[in-house]
Each structure stands twice: as C-alpha cells, then as structure tokens.
Amino acid sequence: MAKNLQAVRGMHDILPDRTPLWQLLEQRVRDVLGRYGYREIRMPLVEQTELFKRSIGEVTDIVEKEMYTFEDRNGDSLTLRPEGTAGCVRAGIEHGLLYNQVQRLWYQGPMFRHERPQKGRYRQFQQIGVETFGMPGPDIDLELIFITRRIWRALGLEEGLELQINSLGTAGERAAYRQRLVDYLKARYDRLDEDSRRRLETNPLRILDSKNPDMRELIDAAPALMDHLGPESRAHFEAICAGLDEAGLAYVVNPRLVRGLDYYARTVFEWITRRLGAQGTVCAGGRFDGLVEQLGGRATAAAGFAMGVERLVALLEEAGLEPGSQVDAYLVLVGDEPQRRGLLLAEQLRDRAPDLRLLAHCGGGGFKSQFKKADRSGARYALILGEDELARGVIGIKPLREEKAQQEIALDRLADFFEQEENRI
C-alpha cells in the first residue's frame with residue numbers, strides 16, 4: 001500500500017474552520033493600513049539567493065542555516081524568501097519607486113525558513129510587512145509604532161503586549177561598539193556557551209539576544225550600545241521616546257534588543273507577549289537606512305516592521321474571538337420541482353441582494369437532513385422551499401440563532417427582507 005502523503009514538516013494547512021479568523025485579522029490590518037495611506041505591493045516568493053546574502057548578511061543564522069536554496073534548470077541559485085524587506089527593496093529599485101520619492105508600502109504572504117518547528121515557529125509562516133522609504137526623521141518611526149498600536153486595538157489585543165525599543169546607532173557607531181563588546185566577551189570566554197562562542201567572531205551583537213538563562217548575568221553586565229551613540233543618533237532616539245510619552249504609549253527601553261538581520265540601524269522595536277511561551281515576539285521592526293544603497297540603489301532612508309500572523313491568530317484564539325458566520329442563509333429545497341428550480345432562484349436572489357451570503361443546498365435529501373446541514377452551516381436563517389411553497393409563490397424563513405417563529409414571505413419580497421435585516425443589524 002502506498003504511503004499516505006502529508007504536508008511537509010513545519011508547513012501546515014489552514015482548514016476552513018480556522019480561515020475566518022485569519023480573514024478577520026487580515027481585513028482589520030488592511031483597513032488600518034488603508035486609513036494611514038499605505039499601498040499594497042506583491043513580490044515573488046522566489047528571489048536570487050544573492051539578494052538575501054547581500055541584505056540579511058552571510059554570517060547570520062538565516063543565510064547560514066535556514067534558507068531554502070536550490071539551483072534551477074539554468075544553474076541559477078534561487079531561494080524561497082525568508083523575509084520580505086529585501087524583496088520589497090529590490091522591487092523598489094528595479095521599478096524606480098525609491099529615489100527622491102516617499103513610499104508607504106505593505107505586503108503579506110508566506111516566508112520560508114528551515115528552523116526546528118515548534119509552537120509559534122514554522123518552516124512556512126505568514127507575515128504582514130510594512131516598509132517606508134524617503135523619510136529620515138523620527139516622525140516616521142513614530143508613525144509605524146502608532147500603526148501597530150492601532151492594529152492591536154482593532155484586533156482587541158492591546159492589553160498584554162509590551163513595546164520594547166532600542167537604538168543600534170549608525171554603522172560606524174555600531175562598529176566601535178562591536179569591538180568593545182568583543183573585547184569584553186573574549187575576556188570572559190570560558191563563560192560563553194557554544195552558540196555565543198560561534199557568534200563571537202561573526203555576529204557578536206546577536207549574543208546580547210541569547211535566550212540562555214545561564215548567560216543573563218554576563219550579558220547584563222556587558223557594555224551598552226546606547227553609551228556609544230553619537231549626538232544625532234541619540235537625538236533621534238530621544239525624539240521617539242518623547243513622542244511615545246506624549247502619545248501615552250507605554251514602552252520599555254531594552255538596551256539588549258538587537259535584530260537578527262544585518263541591515264538594521266538606529267531605531268529597532270519589538271512587541272512582546274508573555275502568553276505564547278518562548279515565541280513571544282509578535283511584531284518587530286526598525287530603520288534600515290543603508291539597505292537600498294547596499295542593494296545597488298541610491299542612498300534612501302527606510303523603516304518598517306513585520307508581524308507574525310500565526311502568532312497573532314494564536315492570541316486571538318486565546319482571547320476567544322469568534323468571527324461571525326460566513327453564511328447568512330441556507331436554502332433548503334424539498335421536492336423534485338424546488339430542487340430543479342432552486343439554483344435559479346438562488347441566482348435571482350443573489351442578483352437582487354448582492355451582499356447576501358447564500359448557501360443553496362445541493363445533492364438532494366429529505367427535509368430533516370437538509371435542515372441539520374442548514375444549522376451546522378452557521379447560517380442565521382434557513383430558507384425553506386417545498387412543493388407547496390413554490391406553488392403559492394412564497395418561501396419559509398426560519399431563524400436559526402434566535403428563538404423566533406418561522407414566517408412566510410413572497411418570493412419576490414425576499415431580497416427586501418434581507419435588506420431590512422441588514423439595516424436592523
């Protein structure tokens with residue numbers, strides 16, 4: 001017997017009983033971004049491998065261990081995108097969207113990393129990303145953070161999320177700090193775990209983000225990057241803090257907050273929850289002013305963030321959010337003639353009531369079995385059309401979610417009934 005085929009490990013199906021929650025989240029995020037004037041961009045899932053090596057950094061965990069990379073039939077090295085920013089910048093340069101222009105863009109879709117699957121971490125995962133270009137000041141940093149807060153409000157998730165912020169300074173400031181950090185860590189080499197020893201020569205700032213509790217005391221005593229910021233970087237960061245204070249948005253300055261991608265500079269931020277275990281970051285972002293030039297474009301200020309959709313859906317599920325039914329009415333058709341004419345009647349009703357979500361029964365069956373299916377569909381109403389109702393030009397309307405009596409209405413008035421119901425709601 002052939003082995004049953006299953007989804008690739010770490011890549012999961014989103015089944016119909018869960019997709020309404022995903023759709024609700026995506027729609028509310030889309031609505032918020034639209035209110036701020038952000039426009040959607042859609043990029044390919046596959047890019048040249050060199051794009052990610054040049055943007056993310058060849059010595060990062062993503063490039064070294066996690067990318068899905070392969071050669072196509074032409075011998076070109078291609079990679080399934082592990083994140084969205086690099087592709088967005090590539091598209092902006094390629095199509096002339098960035099130089100001397102202001103852009104506010106967003107995208108959504110799957111990303112791919114070959115990590116060890118666990119709760120909240122998958123090999124194919126969904127992100128919603130926001131990228132801005134052409135705005136160097138702290139005002140756009142603040143706007144991005146304000147957008148995230150408004151998204152949490154729209155989703156009912158504002159309570160229980162903590163904003164952490166930091167500044168990584170400029171590339172020059174970070175290089176000077178890097179050397180001091182390396183000197184500090186080398187002097188305490190015997191206290192470093194294996195992962196930190198590996199990163200010491202390649203990406204020492206990532207050691208500050210270690211989740212090993214045995215490293216916490218050593219990291220807490222390490223030199224602080226904030227002490228190495230120049231006047232401009234410090235003023236930029238202080239302006240952000242002042243703006244958050246004025247807006248009444250609580251935050252924590254976390255001097256150990258670094259990002260796993262090499263292109264970040266100055267502002268970095270994360271929204272953290274304690275409700276998802278180790279995978280507590282639901283949104284992360286910051287400035288990446290040098291990336292456009294790094295990828296071949298002209299120097300362009302840039303900032304953005306990305307949200308993990310699976311983690312936000314998990315928070316919505318934990319909060320008990322139940323999206324409304326996807327069906328307004330279920331059409332029960334009893335008898336040969338109603339079943340023969342049922343689909344045509346359903347089409348006529350959809351023409352007259354275009355917003356009505358109508359599920360018409362197909363496949364035959366008796367009244368009881370059809371009515372059970374109507375109830376299981378989640379519909380607010382069962383529309384009952386039998387031989388007798390058809391002969392009299394009426395249809396039965398039975399509320400399924402309220403204790404109300406069944407009524408009859410003329411078939412040509414059915415659209416009016418649902419229009420009145422929509423207005424009542």
Side-chain angles (χ1 to χ4, degrees), residues 28-29 31-38 85 102-106 127-170 173-174 177 205 208-209 220 224-261 263-276 280-289 301-308 311-312 315:
R28 292 188 182 178
V29 172
D31 289 345
V32 170
L33 293 172
R35 289 161 59 193
Y36 280 81
Y38 284 67
T85 300
V102 169
Q103 297 288 357
R104 289 175 165 91
L105 306 174
W106 72 273
Q127 281 191 344
I128 298 175
V130 173
E131 316 291 4
T132 67
F133 301 93
M135 294 167 279
D139 47 3
I140 191 61
D141 304 39
L142 282 167
E143 179 176 281
L144 291 170
I145 295 173
F146 291 159
I147 287 174
T148 57
R149 177 175 65 169
R150 196 165 297 278
I151 289 172
W152 311 149
R153 286 178 176 174
L155 296 171
L157 295 177
E158 191 172 11
E159 297 296 326
L161 289 177
E162 178 183 88
L163 173 64
Q164 297 186 359
I165 63 173
N166 191 23
S167 176
L168 300 182
T170 65
E173 292 162 354
R174 203 159 54 254
Y177 169 72
L205 267 67
L208 300 176
D209 198 34
D220 287 344
L225 176 55
M226 193 70 68
D227 296 335
H228 292 71
L229 298 184
E232 289 186 13
S233 293
R234 187 173 294 279
H236 188 102
F237 186 70
E238 289 173 352
I240 293 170
C241 293
L244 294 175
D245 291 336
E246 189 172 356
L249 202 165
Y251 61 94
V252 173
V253 176
N254 179 0
R256 307 309 180 199
L257 176 60
V258 295
R259 303 295 302 128
L261 309 177
Y263 53 66
Y264 280 105
R266 285 195 172 162
T267 311
V268 289
F269 66 88
E270 291 187 358
W271 286 91
I272 308 292
T273 179
R274 312 297 179 191
R275 303 202 297 265
L276 296 178
T281 301
V282 299
C283 175
R287 297 202 67 90
F288 48 97
D289 292 334
F305 65 80
M307 298 181 292
R311 296 180 188 181
L312 291 173
L315 288 178

Who pairs with Ala235 by side-chain contact (heavy atoms from CB on, under 4.5 Å), at least two apart in sequence or on another chain? none
Could you go through the side-chain contact (heavy atoms from CB on, under 4.5 Å) check for Ile147 and Phe305 one step at a time? CA-CA 10 Å; Ile147 287 174; Phe305 65 80; 4.0 Å; yes
Does Arg234 form a side-chain contact (heavy atoms from CB on, under 4.5 Å) with Met226? I'd like the steps, not just the answer. CA-CA 8 Å; Arg234 187 173 294 279; Met226 193 70 68; 4.2 Å; yes
Taken in chain and number order and not counting sequence neighbours, the residues that satisfy side-chain contact (heavy atoms from CB on, under 4.5 Å) with Glu173 are Thr170, Leu229, Ser233
Assess whether side-chain contact (heavy atoms from CB on, under 4.5 Å) is satisfied between Val253 and Ile165, documenting all intermediate values. CA-CA 5 Å; Val253 176; Ile165 63 173; 4.2 Å; yes
Check side-chain hydrogen bond (donor to acceptor under 3.5 Å, both in side chains) between Glu158 and all other residues, then give those that pass, not counting sequence neighbours. Arg153
Does any part of the side chain of Leu161, heavy atoms only, come nearer than 4.5 Å to the side chain of Leu315, both counted from C-beta? yes
For Arg256 and Asp220, the nearest pair of non-hydrogen atoms, with its separation, is NH2-O, 3.0 Å
Atom CZ in Arg174, atom OG in Ser167: separation rounded to 0.5 Å? 9.0 Å
Contact list for residues 236-248, test salt bridge (Lys or Arg N to Asp or Glu O under 4.0 Å), sequence neighbours left out: none
Got Ile145 and Tyr251 here, is their nearest side-chain heavy-atom distance under 4.5 Å? no
Tell me which donor-acceptor pairs under 3.5 Å the side chains of residues 127-138 have, and how far apart each pair is, sequence neighbours excluded?
{"from": "Glu131", "atom 1": "OE2", "to": "Thr85", "atom 2": "OG1", "distance (Å)": "2.7"}
{"from": "Glu131", "atom 1": "OE2", "to": "Tyr107", "atom 2": "OH", "distance (Å)": "2.6"}
{"from": "Thr132", "atom 1": "OG1", "to": "Ala303", "atom 2": "O", "distance (Å)": "2.9"}

Could you give the distance from CZ (Arg28) to CG (Leu155), rounded to the nearest 0.5 Å? 6.5 Å
Residues at least two apart in sequence or cross-chain that pass salt bridge (charged side-chain N to carboxylate O under 4.0 Å, His left out) with Arg275, listed by chain then number, are Glu318
Val268 and Leu168: which non-hydrogen atoms are nearest, and at how many Å? CG1-CD1, 3.6 Å
All heavy atoms of Arg149 vs all of Ala247, minimum pair found to be NH1-O, 3.4 Å
Restricting to salt bridge (charged side-chain N to carboxylate O under 4.0 Å, His left out), what partner residues turn up for Glu232, sequence neighbours left out? Arg266
By side-chain hydrogen bond (donor to acceptor under 3.5 Å, both in side chains) - contacts of Arg150 (at least two apart): Tyr36
If we ignore hydrogens and angles and just use 3.5 Å, is the side chain of Asn166 paired with the main-chain N or O of Leu257 as donor and acceptor? yes
For the student: nearest non-hydrogen atoms of Gly243 and Phe146, plus distance: O-CZ, 4.1 Å
So which atom in Ala154 and which in Val32 form the shortest heavy-atom distance, rounded to 0.1 Å? CB-CG2, 4.1 Å
Ile151 side, atom CD1; Leu157 side, atom CG - distance, nearest 0.5 Å: 11.0 Å
Qualifying side chain to side chain donor-acceptor pair (under 3.5 Å) pairs with a residue from residues 134-148, counting only residues at least two apart or across chains: Tyr38-Glu143, Arg104-Glu143, Asp141-His236, Asp141-Thr267, Asp141-Arg287, Thr148-Trp271
